[in-house]
Q: 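Submitted below is the structure of interest, expressed as structure tokens.
Values in this document were obtained by computation on a predicted structure and should not be read as measured data.
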Amino acid sequence: MRETRRPLRAAPAGLVLAALALLSACSSTVRVEPPTPTGEAAAACRRLDAALPKTLEGLDRTASEPPSPYVAVWGDGQVALRCGVPRPAAMEPTAEVADINGVGWFQDPRRPTLFTSTNRVAYVEVTIGQELQAGAVLVDLAEPIKSSIPE
């Protein structure tokens, strides 16, 4: 049996660039769609962004794409916060809200990892990975939210 060898060819530049773009997409930047708050809610969300911890439950704060003062991410997306979201559609007037260190949290019954703060000038939505203790994350976020977003 005879082995045939083919000459090596250089990969086209477009293919190389596409491969590099794919590799860079695997970096620690997490894609999160930012909300678009206005007025008092937007100002409160910018204050919150400055008050948020650099580390949350052992996870470092990382960049989000696109960059926004209304989004914060820790780890590889284990915790994602969006400030200035609309009132949750699933939140009925009689919905139960858990008070955690002075911040009311609505847990979406259809998405058990999604929590939204209530009774403030801006709604803050937090998605917490199942591998984390949601209560501990919400406790850590309570003080920055109380100090930045008035009721």
Q: Shortest non-hydrogen contact from Pro144 to Pro53?
A: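 Scanning both residues, the minimum pair turns out to be CG-CD, 4.2 Å.
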Q: Would you compute the distance between atom OH of Tyr123 and atom CZ of Arg87 and round it to the nearest 0.5 angstrom?
A: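 The OH atom of Tyr123 sits 4.5 Å away from the CZ atom of Arg87.
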Q: Hey, quick one: are Val71 and Leu141 part of the same hydrophobic cluster, counting side-chain heavy atoms closer than 4.5 Å, chains of contacts allowed?
A: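 Hydrophobic grouping puts Val71 apart from Leu141.
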Q: For Arg46 and Tyr70, does a side-chain donor sit closer than 3.5 Å to a side-chain acceptor?
A: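 Yes, because at least one side-chain N or O of Arg46 sits under 3.5 Å from a partner of the opposite role on Tyr70.
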Q: Is there a path of hydrophobic side-chain contacts, each under 4.5 Å between heavy atoms of I/L/V/M/F/W/Y residues, joining Val103 to Leu132?
A: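 Per the 4.5 Å side-chain linkage, Leu132 and Val103 are co-clustered.
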Q: Quick one: do Val32 and Arg82 satisfy side chain to side chain contact (heavy atoms under 4.5 Å, CB included)? Show the steps, please.
A: CA-CA 8 Å; Val32 177; Arg82 297 181 342 123; 3.6 Å; yes
Q: First locate atom CG of Asp60, then atom NZ of Lys54, and finally report the distance between them rounded to the nearest 0.5 Å.
A: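 Rounded to the nearest 0.5 Å, the CG-NZ separation comes out at 11.0 Å.
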Q: Quick one: CG on Leu56 to CH2 on Trp74, what's the gap to the nearest 0.5 Å?
A: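 One gets 5.5 Å once the value is rounded to the nearest 0.5 Å.
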Q: For residues Arg110 and Ala90, report the shortest heavy-atom separation together with the two atoms involved.
A: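 Closest heavy-atom pair between Arg110 and Ala90: NH2-CB, 2.9 Å.
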Q: Go through Lys146 and Arg120 one step at a time and tell me if the side chain to side chain contact (heavy atoms under 4.5 Å, CB included) criterion holds.
A: CA-CA 9 Å; Lys146 288 189 304 188; Arg120 299 199 172 265; 3.5 Å; yes
Q: Return the CD to CG distance between Glu125 and Leu114, rounded to the nearest 0.5 Å.
A: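 It comes to 4.5 Å.
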Q: Could you state the interatomic distance from OG (Ser117) to CG (Leu81), rounded to the nearest 0.5 Å?
A: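 Interatomic distance, Ser117 OG to Leu81 CG, rounded to 0.5 Å: 8.5 Å.
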Q: Step by step, work out the side chain to side chain contact (heavy atoms under 4.5 Å, CB included) result for Thr55 and Arg61.
A: CA-CA 6 Å; Thr55 303; Arg61 189 167 171 182; over 6 Å; no
Q: Scan for disulfide (SG to SG under 2.5 Å) pairs involving residues 36-109, sequence neighbours excluded, and state none if there are none.
A: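 Found Cys45-Cys83.
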Q: Applying the 4.5 Å side-chain criterion to the ILVMFWY set and letting contacts propagate, would Leu59 and Leu138 be lumped into a single cluster?
A: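 Yes, it is one cluster - the side chains of Leu59 and Leu138 are joined through contacts under 4.5 Å.
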Q: Suppose the criterion is side-chain hydrogen bond (donor to acceptor under 3.5 Å, both in side chains): which pairs have a residue in residues 94-109, not counting sequence neighbours?
A: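 Counting only pairs at least two positions apart or across chains, no side-chain hydrogen bond (donor to acceptor under 3.5 Å, both in side chains) contact touches residues 94-109.
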Q: So which atom in Ala122 and which in Ile149 form the shortest heavy-atom distance, rounded to 0.1 Å?
A: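 The pair with the smallest heavy-atom distance is N-CG2, 3.7 Å.
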Q: Should Val121 and Phe115 be counted in the same cluster of Ile, Leu, Val, Met, Phe, Trp and Tyr side chains packed under 4.5 Å apart?
A: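 Linked within one cluster.
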Q: Can Arg31 and Glu65 be counted as an ion pair, charged N to O under 4.0 angstrom?
A: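 A salt bridge is absent here (no side-chain N lies under 4.0 Å from a carboxylate O).
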Q: Considering all heavy atoms of both residues, which atom of Leu52 and which atom of Ala72 are nearest to each other, and what is their separation?
A: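 Nearest pair, atom of Leu52 first, then Ala72: CD1-CB, 3.6 Å.
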Q: Do Thr62 side-chain atoms and Gly75 backbone N/O form a donor-acceptor pair below 3.5 Å?
A: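 Yes: the side chain of Thr62 pairs with the backbone of Gly75.
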Q: Kindly compute the distance separating CZ (Phe106) from OG1 (Thr116), expressed to the nearest 0.5 Å.
A: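 Nearest 0.5 Å value for the CZ-OG1 distance: 7.0 Å.
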Q: Quick one: closest heavy-atom pair of Ala95 and Met91, and the distance?
A: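 Residues Ala95 and Met91, closest heavy atoms: CB-CG, 4.1 Å.
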Q: Tell me whether Leu48 shares a hydrophobic cluster with Val137, the cluster being built from Ile, Leu, Val, Met, Phe, Trp, Tyr side chains joined at under 4.5 Å.
A: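 Same hydrophobic cluster.
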Q: Within the supplied structure, the quantity of interest is the number of heavy atoms (other residues, nucleotides, ligands) at a distance under 6.0 Å from Glu131 CD; does it exceed 12?
A: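 Yes - once you tally the heavy atoms of other residues, nucleotides and ligands closer than 6.0 Å, there are more than 12.
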Q: Could you pull out the closest heavy-atom pair between Val73 and Ser64, with the gap in Å?
A: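 It is CG2-CB, 3.9 Å.
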